[in-house]
Amino acid sequence: MMYQFLLEAGFEVAYDDATRATYSHDASICEIEPVCVVFPKTKHELAQLITLVNHYKKQFPTLSLTMRSRGTDMSGGSLNDSIIVDCSKYLTRIDPVKDFSITVEPGAFYKDMEIETLKSHMIMPSFTASKNLCGVGGMFANNCAGEQTLKYGKATNHILATKFIGADGIERVVSKISRGELGKLMMEDSWWGNVNRDLYDLIIHHREVIERNTPHVSKNSAGYNLWDVFNLEAGTWDVNKLLCGSQGTLGITSEITWKLSHVEDKSEMLVVFLESLDELPKAVEVIARYQPNSLESYDDTSFSLAMKYWKDFIESMGLWRAIKLTLRFIPEVVRTLRTGIPKLVLVVEMRGKDQNILREKIERMYDEIQVHGFTGRIPTSEGDREKYWAIRRESFNLLRKHLHGTRTAPFIDDTVVNVEHLPNYLRELREILDGRQLQYTIAGHAGNGNFHIIPLMDFKEKNTKEIIQEVSEQVFELVKKYNGSITGEHNDGLIRTPFLNYMFDDEMLELFKKVKHIFDPENIFNPRKKVGGSVDYTLKHIVTTS
């Protein structure tokens, strides 16, 4: 038995059918049953796991380790047919806030970390929309982002330091260092010295390839982030820029220290109604001048669903809240009857500490968008604002509820193109999806050009896998046409790794393989993600039930 050496070493291991079935799924459309699940109690056990796997790799060639935090990954990044390492049972320590930072273990819930940071009126602002479900280890592994990315950027912007256990089984602190410190490190006769020296040589000798393949969009989680490790202008070297977003394919991150920001607890909102997708670039250009915290959007399908299934939309809110929300939507109902359903609704949020300043900015923004011929309104209360977030977040659930026998199919769920290309991109994207008669909604981060399109599909249908492959190829070809990214937040995993050639040329894909080999020559860390994936393997492991 492949897991016998874990039992003999005293690890807590589960290999019963029920556990293996549970860990064969995450939030993706893939299904892979592991050999066993191990629950390490300490960081020492994490290091010991690596040592043992290295020792037994020749005896069991398929032996590998895949870290799992809370299993919410939508790309299949936490699935593997060997050993799953679940850190959510024991490795959940959250230290008190100190000097605008907080240190946590990877199995901790983000929501629990936020409770601790809010005690100091601080927050890690690049949280996801699903922040109440996510573990911080997964957020680090995917280089997460969310509604406030427009202002604060992605997770990688908020990493001060990590503790990292590489293929040699030694835990070490990783943080930004100077060029001089890098020189000393590369002189070391150690595994870590060799890794940094080889990585430096790769980046320096292939600068032209890296520059040619650097994604020129505001959000990207595809591939290995080689373009940000060495900041020539500042003279700094930061391997965390590579580790964050690498999906645990280079080693195990055993501890994360996040940089925090002060909470901005006052807010104002502007809602803009666009009659045509062609209006989107100009609207975003005008709004962006005011540096909002978030610029979200949802399409006419989302709006229609809220109107069509109004009873379902409000039934879970309680009688009094439902009545109030219904009354607050009267202006939108009147507007719809008068001018029709808007093609796209933009939800702009400004946050800060002074309500008067925020109100002044929102009113100036509103005046300017009207000058350019756009219509909109400024919600007058927290409850008034709530209804727009409710549509943004609940419309897809309404669609899912009313299409029986289907399930969510996240495989083209995270594309990014620059805002000026969005009208044509979204039009052509809809033609692809409508051509396959797929049911879907379009919503996302309009300020970043990052849209989440998650079709509903019946996985019992024989042609579902064929549709997934063909639509993936068509959509990613479209992304390539507009020089975008196939994943802004959700990463590659099993779903998108086989399609990285739509973003990167052959030379860059070879560099990714070399990076993997530098850190993990025996391929023991989360195989088939970032490199080594294939369409056949992915399709073979797509779920077959809805």
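Along the sequence shown, residues are numbered consecutively beginning with 1.
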- So does Lys89 have more than 12 non-hydrogen atoms from other groups sitting under 6.0 Å from NZ?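 Result for NZ/Lys89: enclosed.
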query = Considering residues at least two apart in sequence or located in another chain, which fulfil the ring pair (Phe, Tyr, Trp, His ring centres under 6.0 Å) criterion with Phe512?
reply =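 With neighbours one apart ignored, the set is Tyr224, Phe504.
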Could you tell me whether a side-chain N or O of [X] sits under 3.5 Å from a main-chain N or O of [Y], the two making a donor and an acceptor?
X: Glu105; Y: Thr92; result: yes
X: Ser276; Y: Asp278; result: yes
X: Arg70; Y: Gly107; result: yes
X: Lys154; Y: Gly488; result: yes
X: Asn142; Y: Cys144; result: no
X: Asn418; Y: Gly449; result: no
X: Lys529; Y: Ile495; result: no
X: Asn526; Y: Gln247; result: yes
X: Asn448; Y: Asn450; result: no
X: Lys516; Y: Thr249; result: yes

Enter the distance from [X]:[atom1] to [Y]:[atom2] here, rounded to the nearest 0.5 Å.
X: Thr441; Y: Ile454; atom1: OG1; atom2: CD1; result: 7.5 Å
X: Ile256; Y: Phe140; atom1: CD1; atom2: CZ; result: 5.5 Å
X: Leu500; Y: Asp505; atom1: CG; atom2: CG; result: 12.0 Å
X: Ser69; Y: Asp86; atom1: OG; atom2: CG; result: 8.0 Å
X: Glu431; Y: Leu478; atom1: CD; atom2: CG; result: 9.5 Å
X: Glu31; Y: Ile542; atom1: CD; atom2: CD1; result: 11.0 Å

For [X] and [Y], work out which heavy atoms get closest and say how close.
X: Glu489; Y: Gly146; result: OE2-N, 3.8 Å
X: Gly76; Y: Ser28; result: N-CB, 3.3 Å
X: Pro410; Y: Ile29; result: CD-CG2, 3.5 Å
X: Phe411; Y: Pro455; result: CE2-CG, 4.2 Å
X: Pro106; Y: Ser254; result: CD-O, 3.2 Å
X: Asp492; Y: Ala222; result: OD1-CA, 3.4 Å

Legend entry - Verdict with reasoning, Thr406 to Asp458, per side chain to side chain donor-acceptor pair (under 3.5 Å): CA-CA 4 Å; Thr406 63; Asp458 184 352; over 6 Å; no
Flag the pair [X] / [Y] as yes when at least one side-chain heavy-atom distance between them is below 4.5 Å, and no otherwise.
X: His216; Y: Asn483; answer: no
X: Val136; Y: Phe109; answer: no
X: Leu280; Y: Leu346; answer: yes
X: Ile32; Y: Tyr537; answer: yes
X: Leu433; Y: Gln474; answer: no
X: Glu285; Y: Glu420; answer: no
X: Met457; Y: Phe459; answer: yes
X: Ile123; Y: Leu260; answer: no

Would you mind checking if [Y] and [X] are paired as a salt bridge, meaning a charged N to carboxylate O distance below 4.0 Å?
X: Arg430; Y: Asp434; value: no
X: Lys163; Y: Glu255; value: yes
X: Lys361; Y: Glu268; value: no
X: Lys343; Y: Asp299; value: no
X: Asp413; Y: Arg496; value: yes
X: Arg351; Y: Glu349; value: yes

Check: Where do Ile102 and Lys259 land on the side chain to side chain contact (heavy atoms under 4.5 Å, CB included) test, with the steps shown first?
Finding: CA-CA 7 Å; Ile102 189 167; Lys259 179 176 67 176; over 6 Å; no
Near-ring test Phe100/His262, centroid separation under 6.0 angstrom: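 Ring centroids of His262 and Phe100 are less than 6.0 Å from each other.
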Please walk me through it: do Ser64 and Asn80 pass side chain to side chain donor-acceptor pair (under 3.5 Å)?
-> CA-CA 8 Å; Ser64 64; Asn80 189 14; 2.7 Å; yes
* Asked: For Asn231 and Lys176, what are the C-alpha separation, side-chain angles and deciding distance, and is it a side chain to side chain donor-acceptor pair (under 3.5 Å)?
  -> CA-CA 10 Å; Asn231 187 325; Lys176 184 190 297 184; over 6 Å; no
Sole residue of Thr72, Asp73, Asp26 in side chain to side chain donor-acceptor pair (under 3.5 Å) with Ser78
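It is Asp26, the one option of Thr72, Asp73, Asp26 that forms the side chain to side chain donor-acceptor pair (under 3.5 Å) with Ser78.
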Working note: Glu211 + Trp227, criterion side chain to side chain contact (heavy atoms under 4.5 Å, CB included); need CA distance, chi angles, decisive distance, verdict.
CA-CA 7 Å; Glu211 288 173 7; Trp227 34 87; over 6 Å; no
Distance only, no hydrogens: is a donor on one side chain within 3.5 Å (strictly under) of an acceptor on the other, for Thr103 and Thr257?
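Checked: Thr103/Thr257 side chains pair up, N/O donor to acceptor below 3.5 Å.
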Could you go step by step and tell me if Leu226 and Leu511 meet the side chain to side chain contact (heavy atoms under 4.5 Å, CB included) rule? CA-CA 9 Å; Leu226 287 169; Leu511 292 187; 4.3 Å; yes
How are the rings of His490 and His452 set relative to one another: parallel (under 30°), tilted (30 to 60°) or perpendicular (over 60°)?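 If you compare the ring of His490 with that of His452, the planes turn out parallel.
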According to the interplanar angle, ranging from 0 to 90°, do the rings of His158 and Tyr152 count as parallel (below 30°), tilted (30 to 60°) or perpendicular (above 60°)?
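Tilted: the ring planes of His158 and Tyr152 meet at 30° to 60°.
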Which pairs, with at least one residue in residues 124-135 and sequence neighbours excluded, count as a salt bridge (Lys or Arg N to Asp or Glu O under 4.0 Å)?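 Sorted result for residues 124-135: Glu114-Lys131.
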Test side chain to side chain contact (heavy atoms under 4.5 Å, CB included) applied to Tyr502 and Val479, step by step:
CA-CA 8 Å; Tyr502 284 85; Val479 172; over 6 Å; no
Between His445 and Glu147, is the side chain to side chain donor-acceptor pair (under 3.5 Å) condition met? List the steps.
CA-CA 7 Å; His445 315 295; Glu147 293 169 358; over 6 Å; no
